[in-house]
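If you're wondering where the values come from, they're calculated on a predicted model, not measured in any experiment. Just so we're on the same page: letters track the sequence lines, and every chain starts at 1.
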Number of protein chains: 2
Amino acid sequence: MTLDSIDQRLLAALQKDAHLTSQELGEMLHLSASQIGRRRQRLEAEGIIRHYAARLNAHKLGLTVQAFVQVALKAHGPENAKSFARLIDSRPEITGAWALTGEADYLLRVYAEDLSALNSVIHDVLLPHPAVARVQSQIVMDQLKADAPLPV
Amino acid sequence: MTLDSIDQRLLAALQKDAHLTSQELGEMLHLSASQIGRRRQRLEAEGIIRHYAARLNAHKLGLTVQAFVQVALKAHGPENAKSFARLIDSRPEITGAWALTGEADYLLRVYAEDLSALNSVIHDVLLPHPAVARVQSQIVMDQLKADAPLPV
DNA sequence: GGTGAAATCTACCTAGG
DNA sequence: CCTAGGTAGATTTCACC
């Protein structure tokens, strides 16, 4: 359960490149490949490593517009919240959604092919939903850092 | 360069689980393992697949607080922006940073062990920086969706 | 689309503190 | 008793056909 310094460096390395072999990791961390494999299995079994994922280049997929959308709901009841959560789940272009403290209820991270597609998400998906009171979107002009590894 | 339906399903699958073997993917997509391997290599070479990364459980790492911080800079010059970008780069607890249209200049995604650690980032890291005019933080109360796969 | 050599993973075994 | 290192069989990848 407790992570020693080798676990921490192992997690840092696997967050940068999940395809590093136990051999390579062993050389980096001065440990045998078999021990690396055992530690990795333990970290997976404990759920500290949730899964391994391919990271794609959004621009090369044609997703040239990225935006954050703040959404306020009409009433703060569990009914509205559940209905809104189902909407979020159903839209693949919404890749992140968080309930926040403060004035706006939710923050959404949205990818779109162009500005018109982004506006379509706002006007044809979010605003027509009965639980949604108002939305405000801000377009990403520059991405200084994105989905960086968690500090370990 | 252009993606057919198999490429799209391949990318969707690899975003969910980067450790799927060519054999398994071939069975899912009704294609031979060698063809899957070739397509994967092509997608990597074209940069559509940027890399493979382990995804960790923030809570199990002790990072129980997550927040979004809006930052306004004092002046809109390249000097201030560069200096601020260096600050962002140097802080591992800031895992995302975007320059946005609208009133606030930047949106930061921050992980911290507790509220006091989050406040330390705001008061000891961000506010003392000469380029920073003001910050406003909103804590994540509920994560409906996080780092979902890109739509392909 | 298929094949085979090389690399990799994983379960098991042994040694040392 | 727990952690580290080594080994063999099964699996996977990848260059070639």
inquiry  = Would you say that B/V135 contacts B/L108 through its side chain, given a criterion of any heavy-atom pair below 4.5 Å between the two side chains?
reply    = no
message = What's B/T21 touching, base or sugar-phosphate or nothing? Going by heavy atoms closer than 4.0 Å.
response = sugar-phosphate
task = Give one of base, sugar-phosphate or nothing for A/R39, where a contact means two heavy atoms less than 4.0 Å apart.
result = sugar-phosphate
Take the protein atom [atom1] of [X] and the nucleotide atom [atom2] of [N], then report the distance between them rounded to whole Å.
X: B/E27; N: D/dT11; atom1: CD; atom2: C1'; result: 13 Å
X: A/Q23; N: C/dC9; atom1: CD; atom2: C1'; result: 12 Å
X: A/L25; N: C/dT8; atom1: CG; atom2: P; result: 11 Å
X: A/H19; N: C/dC9; atom1: NE2; atom2: P; result: 10 Å
X: A/Q41; N: C/dC9; atom1: CD; atom2: P; result: 11 Å
X: B/Q35; N: D/dT13; atom1: CD; atom2: C1'; result: 15 Å
X: B/R42; N: D/dT13; atom1: CZ; atom2: C1'; result: 18 Å
X: A/L10; N: D/dA4; atom1: CG; atom2: P; result: 12 Å

Residue met sooner reading DNA chain C from 5', once A/E24 and A/S34 are mapped to nucleotides = A/E24
ask   = If you find the nucleotide of DNA chain C closest to A/S22 and the one closest to B/L31, which residue's nucleotide is nearer the 5' end?
value = B/L31
query = A/R40 has a side chain; which of C/dG1, D/dG5, C/dT10 sits nearest to it?
reply = C/dT10
request  = Could you work out which one of C/dT8, C/dC12, C/dT10 sits closest to the side chain of A/R38?
outcome  = C/dC12
ask   = When rounded to the nearest 0.5 angstrom, what distance separates OG in B/S32 from CD in B/E27?
value = 11.5 Å
request  = Scan side-chain atoms only and decide if A/E24 and A/T21 contain a donor-acceptor pair under the 3.5 Å cut-off.
outcome  = yes
message = Is the ring pair B/F84/B/H129 parallel, tilted or perpendicular, if the boundaries are 30 and 60 degrees?
response = perpendicular
query = Is there a path from B/Y52 to A/L11 through hydrophobic residues (I, L, V, M, F, W, Y) whose side chains come within less than 4.5 Å of each other?
reply = no
